[in-house]
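Scroll down for the structure; my scribbles are underneath it.
Computed from a predicted structure; not experimentally measured.
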Amino acid sequence: MDESYLMHEIKIHDKVFIPYITFEEIEHAIKRMANTIYEQHKEDVPVFVGVLNGVVMFMSDFLKQYPGQCEISFLKLASYEGTSSTGKVKIQMDIPMDLNGRHVIIMEDIVDTGSTLEELYRILSTKKAKSIKIATLLYKPDAYKKDLNIDLIALTIPDKFVVGYGLDYDGLGRNLPDIYQIKTEE
Ligand code: IMP
Ligand code: MG
């Protein structure tokens, strides 16, 4: 297939998206993050807890770059409808693993308003983990409304809707290897 075809504008449902962050750039940022976390957790076996579904690509590539021993688990939340956060977060699948005494690193695809993050902290705080850190692939500082610290950020982006590399627009776009940004009239 022609390479340029993969990096063109795309249409998902009613919106047009333009190429924004390439898979190569994403890979570099993930590798940096994996090494940073390893430096902090050389002496223990952390548990990476992925937030489904958006985290699937990030988690899979991150784990391949993580140079130490680790365990993985997942949970599922839901907050988004369309291209703006509803602010309401509900748990759909709890973490099926005992986190008592463990160093836990929550893996998120994106932190937008922070509502999901707040709910994650609330859920995790009942599980007696030894430590809890948050790692996110993408962070939108201009949209963030909470005070909770985000420990690890791979890429910081403006407050514009993105799809690809696990992120969806109403269910579609998750399988794109690169990240695309919504095309808006200037
Ligand atoms: P928050 O609770 O507002 O921080 O939103 C977090 C969740 O909303 C993420 O886990 C994503 O599922 C979704 N989300 C936020 N921004 C975007 C975006 O730009 N594209 C796709 N999904 C997004
Ligand atoms: Mg999500």
Checking side chain to side chain contact (heavy atoms under 4.5 Å, CB included) for the pair Val162/Ile182: CA distance, chi angles, key distance, verdict?
CA-CA 6 Å; Val162 290; Ile182 198 159; over 6 Å; no
Atom of [X], atom of [Y] and distance for their closest heavy-atom approach:
X	Y	answer
Gly171	Asp168	N-OD2, 2.7 Å
Asp109	Leu137	O-CB, 3.3 Å
Val55	Leu52	CG1-N, 4.3 Å
Gly173	Ile12	CA-CD1, 3.9 Å
Met93	Phe74	CE-O, 3.4 Å
His41	His103	CE1-CB, 3.8 Å

Should [X] and [Y] count as side-chain neighbours, where that means a heavy-atom distance under 4.5 Å?
X	Y	answer
Tyr144	Leu117	yes
Pro19	Gln181	no
Lys140	Lys160	no
Leu120	Val51	yes
Ser60	Phe62	no
Met59	Ile72	yes
Arg102	Lys128	no
Val163	Arg174	no

| query | Shared ILVMFWY cluster between Val16 and Leu172, side chains joined below 4.5 angstrom? | reply |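 No, separate clusters.
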Should Ile150 and Leu148 be regarded as members of a common hydrophobic cluster, given that ILVMFWY residues are connected when their side-chain heavy atoms come within less than 4.5 Å of each other, either directly or indirectly? yes
Item checked: Enclosure of Glu43 CD (heavy-atom neighbours >12, cutoff 6.0 Å) ->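 Count not over threshold, so no.
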- Task: Please indicate whether Lys146 has more than 12 foreign heavy atoms, meaning atoms of other residues, nucleotides or ligands, lying under 6.0 Å from its NZ.
- Result: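 Enclosed.
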Thr116 versus Glu119, side-chain donor and acceptor atoms under 3.5 Å: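 No donor-acceptor contact under 3.5 Å links the two side chains.
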Are Tyr165 and Asp61 linked by a side-chain donor-acceptor pair shorter than 3.5 Å? yes
Quick check for you: to the nearest 0.5 Å, what is the distance between [X] atom [atom1] and [Y] atom [atom2]?
X	Y	atom1	atom2	result
Ile179	Leu155	CD1	CG	6.5 Å
Asp44	Cys70	CG	SG	11.0 Å
Phe58	Ile110	CZ	CD1	11.5 Å

Subject >> Steps toward side chain to side chain contact (heavy atoms under 4.5 Å, CB included) verdict (Leu167, Phe161) >> reply: CA-CA 10 Å; Leu167 293 141; Phe161 195 78; over 6 Å; no
Using residues 27-38 as the side-chain source, report each donor-acceptor pair under 3.5 Å to any protein atom, sequence neighbours left out, with the distance given to one decimal.
from	atom 1	to	atom 2	distance (Å)
His28	ND1	Glu24	O	3.1
Asn35	ND2	Lys31	O	3.3
Thr36	OG1	Arg32	O	2.9

- [ ] Would you sort out whether Asp112 and Asp159 count as a side chain to side chain contact (heavy atoms under 4.5 Å, CB included), showing the intermediate values?
- [x] CA-CA 8 Å; Asp112 185 40; Asp159 187 9; 4.1 Å; yes
Would Asp94 and Lys127 pass as an ion pair if we require N to O under 4.0 Å?
yes
### Task
For the pair Phe23 and Glu25, evaluate side chain to side chain contact (heavy atoms under 4.5 Å, CB included) and give the outcome as yes or no after the intermediate values.
CA-CA 5 Å; Phe23 177 62; Glu25 292 172 272; over 6 Å; no
Does the side-chain hydrogen bond (donor to acceptor under 3.5 Å, both in side chains) test come out yes or no for Asp14 and Tyr169, once each step is laid out? CA-CA 10 Å; Asp14 57 333; Tyr169 169 40; 2.6 Å; yes
Is there a donor-acceptor pair under 3.5 Å between the side chain of Asp151 and the backbone N or O of Ala135?
no
